[in-house]
Protein chains: 2
Amino acid sequence: MIKPATIKDIAKTLKISTSTVSRALRNASDVNLKTRTAVLALSEELNYQPSRLALSLQQKQTHTIGVIVPNLDYVIATMVKGIDEVALEAGYTVMVCQSNESFGREMVNTRRLLDSLVDGFIISVSSETKVFDHFKKIQQKGMPMVVFDRVSSDLVAPKVRLDNTEGGYLATEHLIEQGYKRIAILAGPKNLTISNDRLDGYLKALKKFKIKVEPELINHCNFNQQDAYETTVDLLKMKRRPDAIFTISDRMAIGAMLAIKEKGLRMPIDIGLVGFNNEPVTALVTPGISSVEQPAFELGKAAAKLFIEQMHHEEDLSDVERVLRPRLIVRESSLRKAGVRLPRAK
Amino acid sequence: MIKPATIKDIAKTLKISTSTVSRALRNASDVNLKTRTAVLALSEELNYQPSRLALSLQQKQTHTIGVIVPNLDYVIATMVKGIDEVALEAGYTVMVCQSNESFGREMVNTRRLLDSLVDGFIISVSSETKVFDHFKKIQQKGMPMVVFDRVSSDLVAPKVRLDNTEGGYLATEHLIEQGYKRIAILAGPKNLTISNDRLDGYLKALKKFKIKVEPELINHCNFNQQDAYETTVDLLKMKRRPDAIFTISDRMAIGAMLAIKEKGLRMPIDIGLVGFNNEPVTALVTPGISSVEQPAFELGKAAAKLFIEQMHHEEDLSDVERVLRPRLIVRESSLRKAGVRLPRAK
DNA sequence: AGCGTTACCGGTAACGTTCCCGGTGGTTTT
DNA sequence: AAAACCACCGGGAACGTTACCGGTAACGCT
């Protein structure tokens, strides 16, 4: 283990003080050109790298952002890429921690990063999280914190999120316009805002078109495929079964699709389907699944920008909320009016 | 910005020395029970958290692992989850950096983490990387480093990887057994070992079954869907077109599948297809795509374990190579013998 | 000649922690 | 009663860096 060159080594061999070396390496003011070039040359030779550790200790900031996400699926990975992009440019390093949708992991990760490892946080909460004390601790410490994607009204902090209500609205409106009458929704866990917002959009669309809300068509289930499958199987057993399903994630849409196919129903004729996220898979299955696209990369960038902003200026941005707009991508699974190719099922 | 409580604060209010506080908080030896409880109580009250920064500076280790990956697709995200798992348990924090398959980004990331931020690295190289000086610098510093997934023989370090040759063999053998005669391969970039190894497996299988190797059936293209699509389009234009395609990733398989469908060919009758990675999508498309599954989570865990091992003991493990075995998952895209349901195409 | 200005540099403290060494008192051993 | 031992504690240095303050020489100005 060769130990790296320090500022002291340079000072010693050049027979000058560490202060001078430090200045030569940075400010360039208050230091003779000759000594400066000497320092620079030697530091090059020893390939000196300043210790970020010592620096961080000294000036009490690490230039590192802690990013806490529930997992690293397609959408979130894309968001993280966005965060990475602007963070890197601003001279920050990011530490990504997956909570695995587990409240415990989320707490442990937060605690760890809190011990003077990061300057602040960019967070998307896990689906298990119902209590936010560990995040509030961040703010008590006076650290900047931005919430993104999965936000929560219990958390007073700058937020960047999708307009999930509009997403829900777009999907539902589209199904209505395609002539579907009994539209079911597979919403996510009740404690997640994205879940409730998308449900709100669904309700708004029904109201707009004066369609009665039927509670048995509203189902909460987890984000995974299996749960969605089972819920759909149940839905399709109803005497008056729904003729369309809106799921608030594509994974859930896949689950629903499997149940639909198993039952022998055809999309979009017998039943319509719309998902959420516009994951690549939606374009690959047959029929293609219509889905609400979110600008994930942009969303990540926006979150990081907001973070940096909050970092630099002292102003309180905790009531700022950037809301990005979704876009509906229509595919075959819900396109009944434009191109009916198959005969109607009995 | 409320500054956190330090060991000094505790010492001052308790009118004892910092040394004693430090001992009380750790060793428990050489400290009176009474003072110890007092320290513990006060530290609880001030909710004291030791500064990992100061600690790291002092003992020259950060308890952090730098993980550098080309991207965060399904397989790699799963591997990272595995790394995370054992790292967390061993008291390490991981820093994940995506190089985005870019050599430049990979260098920048490595450089950054090198400045006394991490104790070592777990690395999967980007597809652009042809030169490894930035990684060798890690070893010059005497830091442990484990290479996983995408390894390279130019890098002398402990490795954890899939038996890619066997993966290639399994896929090809299966296609041969299903009666396919002209089997093309879509290999990845030439400088990647995983690419060449899978190709080797392909060649081995051909040799085993005494099938002549035809150079025009061997194609290198990038990992993305588009490239695979275009390459396949070209392949299918040949006068004697291949009757099966083995792609070394599922993304590529999807691209190939699109080209195949466009051409009006049917799987598995007219043409067989096998992918690699067993991503969920392979089970969702129609027909389902056969694919070589790799134990990604296990692979990540193994890499982290090897890292920890190298960290703790001084022994040189740089010639250790853990090779995990793949498994072929057969789906409809290549299953010609078992269930022929459609008439033969003219 | 005396004074202020400038250009350059060094010493020291500080960031929060641990480690090593050297004390104290009090008790036991010889 | 001297010597040895123990349990407990404090002082100081060290990790690598920068900030602050002060000092010295050289120079120019009145």
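Quick note on labels: first sequence line is chain A, next is B, and so on, each numbered from 1.
Here D/dG16 presents its C1' atom at 13 Å from NZ of A/Lys12, a figure rounded to the nearest Å. In this structure, NZ of A/Lys3 is placed 11 Å from C1' of D/dA14, rounded to the nearest angstrom. Regarding B/Ile7, its CD1 atom lies at a distance of 14 Å from the C1' atom of D/dG10, rounded to whole Å. Rounded to an integer number of Å, the gap from B/Asp9 CG to C/dC15 C1' is 13 Å. If you measure from atom CG of B/Leu55 to atom C1' of D/dG16, you get 15 Å, rounded to the nearest angstrom. Rounded to a whole Å, the NE2 atom of B/His63 is 12 Å from the P atom of C/dT18. Distance, A/Gln61 CD to D/dT18 P: 13 Å, rounded to whole Å. With rounding to whole Å, A/Asn32 atom CG is found 14 Å from D/dA26 atom P.
Side-chain atoms of A/Arg52 and A/Thr93, non-hydrogen and from C-beta on, do get closer than 4.5 Å to each other. At least one side-chain heavy atom of A/Lys81 sits less than 4.5 Å from a side-chain heavy atom of B/Asn100. The side-chain heavy atoms of A/Leu155 and A/Met145, taken from C-beta on, include a pair separated by under 4.5 Å. For the pair A/Arg322 and A/Lys305, the minimum side-chain heavy-atom distance is 4.5 Å or more.
Listed for the B/Asn71 side chain is no donor-acceptor partner under 3.5 Å among the backbone atoms of B/Glu101. Although no hydrogens or angles enter the test, the distance criterion places no donor-acceptor pair under 3.5 Å between the side chain of B/Thr18 and the main chain of B/Lys8.
Note on the helix from C/dA1-D/dT30 to C/dT30-D/dA1: angle between the axes of the first and last five pairs equals 70°, rounded to 10 degrees.
Between B/Ser51 and the phosphate of C/dC15, there is no side-chain N or O to OP1/OP2 separation shorter than 4.0 Å. Contact between the side-chain N/O atoms of A/Lys8 and the OP1/OP2 oxygens of D/dA14 is not found at any separation under 4.0 Å. Neither OP1 nor OP2 of C/dT17 sits under 4.0 Å from any side-chain N or O of B/Arg52. Between B/Arg26 and C/dT17 there is no side-chain polar atom (N or O) within less than 4.0 angstrom of OP1 or OP2. A sub-4.0 Å separation between OP1 or OP2 of D/dG16 and a side-chain N or O of B/Lys60 is present.
Contacts of A/Asp30 with the nucleic acid, taken as non-hydrogen atoms under 4.0 Å apart, include base atoms. The residue A/Arg23 sits close to a base: some heavy atom pair falls under 4.0 Å. Residue-level contact check: A/Ser56 touches neither bases nor backbone, having no heavy atom under 4.0 Å from any strand.
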(request) Verify salt bridge (charged side-chain N to carboxylate O under 4.0 Å, His left out) between B/Arg105 and B/Glu128, making sure each step is shown before the conclusion. (result) CA-CA 10 Å; B/Arg105 281 284 279 265; B/Glu128 268 190 9; over 6 Å; no
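Residues from residues 14-22 of chain B placing a heavy atom under 4.0 Å of any atom in DNA chain D, listed by number, are B/Lys15, B/Ile16, B/Ser17, B/Ser19, B/Thr20.
Taking the six-membered ring for Trp and the full ring otherwise, the centers of B/Phe121 and B/His134 sit at least 6.0 Å from each other.
Residue B/Leu57 is the one, among A/Gln59 and B/Leu57, whose nearest nucleotide of DNA chain D lies closer to the 5' end (criterion: closest heavy atom).
Within 6.0 Å of CD in B/Glu89 there are 12 or fewer heavy atoms belonging to other residues, nucleotides or ligands. Residue B/Arg26 qualifies as enclosed at atom CZ: its count of foreign heavy atoms under 6.0 Å is above 12.
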